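The structure displayed is predicted, hence computed values, not measured ones. In the text below, chain A, chain B and the rest are named by the order of the sequence lines, each starting its count at 1.
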Amino acid sequence: MAELSEQEQIRRNSLAELKKLGINPYPAPLYEVNAKSAEILEQYPQDNTLFQNVSIAGRIMSRRIMGAASFVELQDSYGRIQLYIKRDEICPGEDKTLYNTVFKRLLDIGDIIGVTGYVFVTQMGETSIHVKSLTVLSKSLRPLPIVKEKDGVVYDAFSDPELRYRQRYVDLIVNPQVRETFVQRAKIVNEMRNYFNEQGYLEVDTPVLQSIPGGAAARPFVTHHNALDIDLYLRIANELYLKRLIVGGFAGVYEFSRNFRNEGMDRTHNPEFTAMEIYVPYKDYNWMMTFTENMLERIAKALHGDTKVNVWGNEIDFKPPFRRAPMCQLIKEETGVDVAPMTEDELREACKSLGVETDATMGKGKLIDAIFGEKCEGKLIQPTFVTDYPIEMSPLCKRHRDNPELTERFELFVCGKELANAYSELNDPIDQLGRFQEQLRLSEKGDDEAMFIDMDFVRALEYGMPPTSGMGIGIDRLVMMMTGAQSIQDVLLFPQMKPEKKAAVTTDEDFVKQGVPAEWVPVLRKAGINTLSQLKEANPNKLLNDLGGLRKKMKLDIPAVKKEEIESWMNG
RNA sequence: GUCUUGGUAGCUCAGCUGGUAGAGCAAUUGACUCUUAAUCAAUGGGUCCAGGGUUCGAAUCCCUGCCAGGACACCA
């Protein structure tokens with residue numbers, strides 16, 4: 001096991017010693033716990049008759065040993081509390097092994113223990129547990145990053161993003177704000193679920209494996225089902241399935257949907273992400289705006305006790321009503337250009353004069369959207385419903401009641417980023433089929449984002465779907481805003497990473513196969529020979545000298561090696 | 001996809017125009033019965049991401065690759 005670091009080796013030795021002392025480092029029985037660290041710290045100062053017989057378990061995060069008494073910081077799922085461990089308290093008899101050997105020598109930072117005792121306040125004024133008994137619950141074999149903190153300043157923070165995301169378990173142990181982010185994420189989702197359920201909407205599950213990846217325009221992941229011998233796609237959206245359920249007659253359906261898109265990754269995109277979509281019959285997008293702003297107000301209050309939330313340096317107020325403005329109006333405000341009456345050629349001209357890049361495949365709608373994206377999006381800091389999008393951008397959305405070139409669609413922008421998207425859903429099956437066919441024409445023209453045609457969905461609409469409004473919201477992005485996270489990786493427990501590649505390591509066995517006696521392998525490594533190719537290219541005379549020197553230096557009780565032996569290793 | 005920054009001890013990081021690898025914390029051994037970034041003394045710990053090149057000599061300079069971060073582009 002030469003690959004183990006010194007500290008890992010020491011911990012394994014401690015593990016063996018614990019076993020020798022008859023202590024099971026991984027005991028089977030449950031450990032009865034009757035207190036939480038946070039509760040003790042909160043309640044004991046109010047009433048010091050409480051917690052006089054506590055049992056608590058957690059991980060050792062630091063130790064301050066002062067001879068026959070010690071202080072330990074114990075971390076449970078709720079926070080940290082200090083333990084006061086006195087030798088003669090946990091070892092009342094003659095035998096002081098539990099304190100002197102087990103606690104002081106064989107336990108380490110990172111180990112999980114359970115203790116019983118009573119709560120008191122130290123001379124320094126810190127609420128602590130005076131320990132009467134101590135039980136080893138799990139021995140940790142790897143050293144934890146040591147993060148220290150004083151007066152709110154964190155020293156030696158565990159901050160390497162690669163390690164934090166690859167080994168999230170370590171991140172969660174040493175960085176308490178990480179755990180808090182995910183508690184808040186759960187709170188946001190629960191709050192939404194309650195809001196929907198209270199109004200009688202039904203949570204449903206729809207297929208993740210779809211034979212037609214519909215409901216959005218994005219590159220899907222493809223997989224194969226062997227028994228059916230067909231390709232299937234991981235869903236890019238669940239919209240078309242939820243609308244089928246509205247056809248089926250539900251009074252409102254929603255789903256928290258893990259979606260998958262085979263596209264680029266960056267600070268706001270992960271290949272798998274969570275969207276919430278909800279569809280309510282007999283409503284329109286105006287109703288949905290009110291519904292959405294009330295939902296966000298509720299979430300903000302649940303999390304922060306206030307509608308005002310600091311998001312990336314801006315104070316955002318989620319107090320309804322949010323501003324509502326048509327896209328063309330916002331463009332006019334920002335640029336002075338009225339794009340509404342323009343022809344495609346005029347729009348192209350307008351883009352040029354505004355410095356917005358275009359290409360030949362873009363139609364009217366895409367040109368308007370390009371101007372909006374370039375000039376307006378970033379300016380929408382306070383929550384704003386942008387309404388009435390051009391029709392070619394929105395193949396699943398109903399035409400605007402006053403203008404057939406527009407759709408009854410809104411997107412909600414906060415801090416310059418799109419947060420939610422909603423329609424008065426298109427329920428005219430003939431119009432829907434025509435729009436799908438238009439998408440197909442676009443895709444034949446080379447637009448690889450255009451949608452597939454889902455004929456079963458059209459058939460469902462032909463049976464009749466009530467007028468319906470639907471809304472989708474990116475949960476990861478919402479959590480980022482509500483928690484102030486800078487990167488989507490900070491709101492996903494296990495963000496996507498390239499697999500770790502182990503550097504090609506020559507193992508001890510490889511050296512032995514090469515003819516090197518096992519006892520010489522560590523010496524060889526000490527001499528800087530870590531791979532077979534290094535061994536083959538080494539100078540035998542120098543190696544003979546080095547090994548001889550190291551043999552003396554390391555006081556090895558093995559016979560000196562001869563030059564012929566070294567040469568035989570080198571030649572295999 | 002392009003550009004850019006980085007990868008050195010368990011963690012956080014130094015390491016200058018090339019000359020045998022350093023600190024703090026952590027670890028080990030010892031001292032210490034209310035400490036709290038505990039303190040004091042001593043000790044050990046490295047494939048300097050990998051592979052090539054230049055050189056008498058490379059953590060350091062050059063090239064290629066891998067991984068990560070950032071920016072841009074692309075992205076209903």
Set of residues satisfying side chain to side chain contact (heavy atoms under 4.5 Å, CB included) with respect to A/Pro326, sequence neighbours excluded: A/Gln329, A/Thr387, A/Asp388
Output all residues satisfying side chain to side chain donor-acceptor pair (under 3.5 Å) with A/Ser487, sequence neighbours left out; order by chain, then residue number. A/Gln489
Counting primed atoms, P, OP1 and OP2 as sugar-phosphate and everything else as base, the B/S/- map of nucleotides 6-14 of chain B against protein heavy atoms under 4.0 Å is ----BSS--
Between A/Lys148 and B/U36, is there a contact of a side-chain N or O with OP1 or OP2 at under 4.0 Å? no
If you compare every side-chain N and O of A/Arg267 against the phosphate oxygens of B/G69 (OP1, OP2), does one of them come in below 4.0 Å? no
Tell me what A/Gln82 touches on the nucleic acid: a base, only sugar-phosphate, or nothing, going by heavy atoms under 4.0 Å. base
Cut-off 3.5 Å, no hydrogens considered: what does the side-chain donor-acceptor table look like for residues 58-65 of chain A, sequence neighbours left out?
| unit_1 | atom_1 | unit_2 | atom_2 | d |
| --- | --- | --- | --- | --- |
| A/Arg59 | NH1 | A/Gly110 | O | 2.9 |
| A/Ser62 | OG | A/Glu73 | OE1 | 2.9 |
| A/Arg63 | NH1 | A/Phe103 | O | 2.7 |
| A/Arg63 | NH1 | A/Leu107 | O | 3.3 |
| A/Arg63 | NH2 | A/Leu107 | O | 3.3 |
| A/Arg64 | NH2 | A/Gln82 | OE1 | 2.8 |

Take atom NZ of A/Lys104 and atom P of B/A31, then tell me their distance rounded to the nearest Å. 7 Å
With sequence neighbours excluded, tell me which residues meet side chain to side chain contact (heavy atoms under 4.5 Å, CB included) with A/Ile146. A/Ile109, A/Lys148
How would you label the contact of A/Arg105 with the nucleic acid (heavy atoms, under 4.0 Å): base, sugar-phosphate, or nothing? sugar-phosphate
Between A/Phe221 and A/Phe260, how do the two ring planes meet: parallel, tilted or perpendicular, split at 30° and 60°? perpendicular
Checking A/Tyr165 now: which residues fulfil ring pair (Phe, Tyr, Trp, His ring centres under 6.0 Å) with it, not counting sequence neighbours? none
Using the ring pair (Phe, Tyr, Trp, His ring centres under 6.0 Å) criterion, which residues pair with A/Tyr241? Sequence neighbours excluded. none
From B/A73, B/U33, B/A37, pick the nucleotide closest to the side chain of A/Asp266? B/A73
Describe the nucleic acid contact of A/Arg166 in one word from base, sugar-phosphate, nothing, applying a heavy-atom distance below 4.0 Å. sugar-phosphate
Distance in angstrom units between A/Phe71 CZ and B/C32 C1', rounded: 13 Å
In residues 405-421 of chain A, which ones come under 4.0 Å of RNA chain B, going by heavy atoms? A/Arg409, A/Glu411, A/Glu418, A/Asn421
Contacts of A/Thr116 meeting side chain to side chain contact (heavy atoms under 4.5 Å, CB included) (sequence neighbours excluded), chain-then-number -> A/Tyr31, A/Ser55, A/Lys132, A/Ser133
